[in-house]
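These notes are about the structure you will find just below.
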Amino acid sequence: MFYPARMNSVVIGIHNRWLMDVTSALHEQGELEVLDLKKGTGTEIPQTSFEIPRGDIERIISLQFRYDRILEILEPYEVRPEGVLSLLFPKDSQPLPVRYDTPGDVFQAAHEMLDQAEPVLTTYEALKQNRELQQVTRERIENLNRLAVPGCSLSYLAPAPYTFLVAGWILQESLPLLEAWFRESGTDEIYHHMIQNGQEIIVLCIGTLAMRPRLEELAHHAWFFRITLPDSYTGMPGEMIRTEQNRLEEYMREEESLTAHLISMAESHLTPLRVIREELSIWRDRYEVSRNFGSSRDVIYLHGWIREKDLARLHDVLKNVTGDEFFLFSKPADPEDDVPVRYDNPGWLAPFEILTTTFSRPRYNEIDPTPFFAPAYLLFFGLMLGDAGYGIIIALVGWLLYRGPGKNDAAFRDMSYILICCGVADIVLGTIQGGWFGDLLPRFFHVTPPFVLIEPLYQPILLFQIALIIGTIHINLGILLGLWQNIRDRMYRTAIMEHGVWFILQPAAAVLLVEFFGWMTFSPLVTNVAILGAVIGLLVLFVRNGPMGFFSLTGFLGDWLSYVRILALALATGGVAMTINILSEMIASVHPFMIIPAILFCIAGQLFNLAIQTLGSVIHALRLHYIEFFGKFYSGGGKEFVPFHEHRLHTSGKREEVI
């Protein structure tokens, strides 16, 4: 049977002088999940918390903050390939062979890199200031353009010894608000002049110095947009517009220079910055994991989980680092413990674990359904979609994604792999069903598809029967797995009354139904045995579940009939594809010039059908597993195994070269 990896609980003791060497070695090995020793180990060892070096952690955090700030500035200026091809075929990123063996080496390299990279901050601040000046200049040019009306001089805006002036503009729709404000002022010490400028109205309000508070109140209204210019601006607006435009062009040239400098610095500094930032994170993880350690005088204690198959390798790592100055206690995991779960499937099957985890990770010592899930899922998907032409497109898209974005993203790579497998399954099963973009081959090219064994549109009853046979096998496989699981756990009563009973009821019901409909006759002995089996099965169900036993029967029947969705989706795919082909043929028959629109309609329709039917096949193939299949034996709810391992993206962790 297929189960998650066997786990062992381990307790490790080392001399404190080996602390960072052992922590680094375990981090590099990445096979031990470190637990908090204070939560108990089941072993009588000291559980006094280990005092972590606060100074080093704070130093790392401070450096990370500085590095994050520089990276945040430089990353938008990184030159990246653009276009669809760059997404599908990204440039291979080669991790650098870098590893720092001590925190001191990391700190030294980090400070040296900061000395080279921190001028980025000065350049960026200059760029920010430049853009702020550009914004101010553009606003001045806009305001000067508003004032560039006949008879308006900038000298009107200059301060005067006895008067105070407010200049601004409003939208045409705000004119009643301005007039209401003047009426509310109720004074003749304020004079206003308005100049129409398209949908805007330029407003000049002048009053005595005593009216200054009232005029400034006007400037604070949301519908009034005040115009402010430097006191040195005199003359006509046109002259100052030219001056400001020249200044703006100078700022823009300076911006180009600063941007080019940041692009150059990004090209030269981003890689080493990311490398050292990654190393800082690794060393921070090593320090922080020590919060889970215990200590007693000169000894450091670790507690954790490890796969049984990795235990010997753990022993070798400790021996290589410390000689013989360590002890290692291990014991097999007890299913009653809170044991983390790690899948143990071969590489070709591992990508399908993501679909199992989407439902729920298996509990420790529970059957891992992935080996049963993957082949049945591909079978269901291929039968539901049932079109080899669509399968070719799906497999091709999956391959492009696998070779493209999947290179740098493990989850994306797994989903692309599943997509490829689904495409291949659909090619095989679609060929058997004769689906090549519906009936495109015989309708337009007069080609009879090869290797056709069943055509859903013409033989629906046959596919209906196949779907029910598949459902019978699939459901009974789930029941058999549940039976095995309960027998293994010595839950014999549950095994018989929840699972074994169905292996009595099903053949008994089959015999009685076949004989009732006259499809076949049996000897009286067989009939009587079937009646006895049905009675015993029903008694077991009703004794076990009471009146709810009736719903166990209807539930089983509903689960079985759910597999008819295989037929329904196969008919939908073929029927819609055929309809698109028929409509395309009708469009083309209107006029010879309509051939091109007919082809475009056919392509668009087939792509739409591909998208909709693929989505339906994915969802319903999952549903048949998550509800009908898993419901017979699988509950899930396991805790993920999270080993203490290095997260490296920009470095390989090798020691051949240190920057």
Side-chain angles (χ1 to χ4, degrees), residues 352 355 358-359 372-398 415 418-441 449 451-475 477-478 557-583 602 604-631:
F352 287 90
L355 297 181
T358 300
F359 179 83
F372 308 100
F373 181 108
Y377 179 81
L378 296 178
L379 174 65
F380 296 163
F381 179 88
L383 287 174
M384 288 175 176
L385 193 56
D387 192 291
Y390 292 169
I392 291 173
I393 295 175
I394 292 170
L396 179 60
V397 170
M415 294 305 298
I418 294 172
L419 198 61
I420 294 171
C421 294
C422 288
V424 172
D426 190 36
I427 292 172
V428 174
L429 295 169
T431 300
I432 292 173
Q433 295 177 71
W436 292 88
F437 302 103
D439 61 345
L440 186 140
L441 291 182
F451 311 113
V452 179
L453 299 180
I454 177 174
E455 295 182 85
L457 290 175
Y458 303 106
Q459 299 170 289
I461 300 301
L462 177 57
L463 186 56
F464 175 81
Q465 294 169 342
I466 292 173
L468 291 181
I469 292 171
I470 291 173
T472 302
I473 296 171
H474 200 230
I475 288 176
L477 175 60
L557 182 61
D559 290 345
W560 184 46
L561 293 177
S562 286
Y563 288 82
V564 177
R565 69 187 64 241
I566 293 174
L567 167 65
L569 269 76
L571 291 175
T573 302
V576 174
M578 179 183 289
T579 302
I580 292 169
N581 293 335
I582 292 172
L583 292 175
C602 184
Q606 294 290 353
L607 290 176
F608 174 79
N609 192 39
L610 167 64
I612 295 299
Q613 304 301 340
T614 299
L615 180 62
S617 299
V618 166
I619 293 173
H620 287 285
L622 287 174
R623 185 195 183 283
L624 288 175
H625 282 87
Y626 289 169
I627 298 178
E628 280 75 18
F629 184 58
F630 284 1

Pairwise side-chain contact, Thr431 with Pro449, heavy-atom cut-off 4.5 Å (strictly under) | no
Would you call Ile418 and Phe381 a side-chain contact if the rule is heavy atoms closer than 4.5 Å?
-> no
Any pair counted as salt bridge (charged side-chain N to carboxylate O under 4.0 Å, His left out), so long as it reaches residues 562-581, sequence neighbours left out | none
So which of Leu463, Leu457, Ile461, Leu462 actually passes side-chain contact (heavy atoms from CB on, under 4.5 Å) with Gln459?
-> Leu462
Gap separating the CG atom of Leu468 from the OG atom of Ser562, nearest 0.5 angstrom = 10.5 Å
Measure across Leu383 and Leu429 and return the closest heavy-atom pair with its distance rounded to 0.1 Å.
-> N-CD1, 3.7 Å
Option from Phe380, Phe373, Trp560 for which ring-ring contact (aromatic ring centres under 6.0 Å, His included) with His474 holds | Phe380
Nearest 0.5 Å, what's the CD1-CG distance between Ile566 and Leu379?
-> 6.5 Å
Does a side-chain heavy-atom distance below 4.5 Å link Thr472 with Tyr563?
-> no
Measure the acute angle between the ring planes of His625 and Tyr377, then classify it against the limits of 30° and 60° as parallel, tilted or perpendicular.
-> tilted
Steps toward side chain to side chain contact (heavy atoms under 4.5 Å, CB included) verdict (Asp426, Ile392) | CA-CA 8 Å; Asp426 190 36; Ile392 291 173; over 6 Å; no
Evaluate the side-chain proximity of Asn581 to Gln606: yes if any heavy-atom separation is below 4.5 Å, no if none is.
-> yes
Indicate the ring-plane relationship of Phe437 and Tyr390, choosing parallel, tilted or perpendicular according to the 30° and 60° boundaries.
-> perpendicular
Measure the spacing between CG of Leu453 and CD1 of Ile432 and express it to the nearest 0.5 Å.
-> 5.5 Å
Heavy-atom pair of closest approach, residues Gln433 and Gly386 | NE2-CA, 3.4 Å
Should the ring pair Phe630 and Phe359 be called parallel, tilted or perpendicular, given that the plane angle runs from 0 to 90° and is split at 30 and 60?
-> perpendicular
Please, which pairs that meet salt bridge (charged side-chain N to carboxylate O under 4.0 Å, His left out) have at least one residue in residues 387-397, sequence neighbours excluded?
-> none
Residue pair Leu385, Ile394: steps toward the side chain to side chain contact (heavy atoms under 4.5 Å, CB included) verdict | CA-CA 11 Å; Leu385 193 56; Ile394 292 170; 3.5 Å; yes
When rounded to the nearest 0.5 Å, the distance separating CG of Leu567 from CD of Gln465 is 10.5 Å
Calculate, to the nearest 0.5 Å, the distance between atoms CG and SG belonging to Leu607 and Cys602 respectively.
-> 9.5 Å
Just how far is it from atom OG1 of Thr579 to atom CG of Asp439, taken to the nearest 0.5 Å?
-> 9.0 Å
Shortest non-hydrogen pair, Leu569 vs Gln613, comes out as O-OE1, 4.3 Å
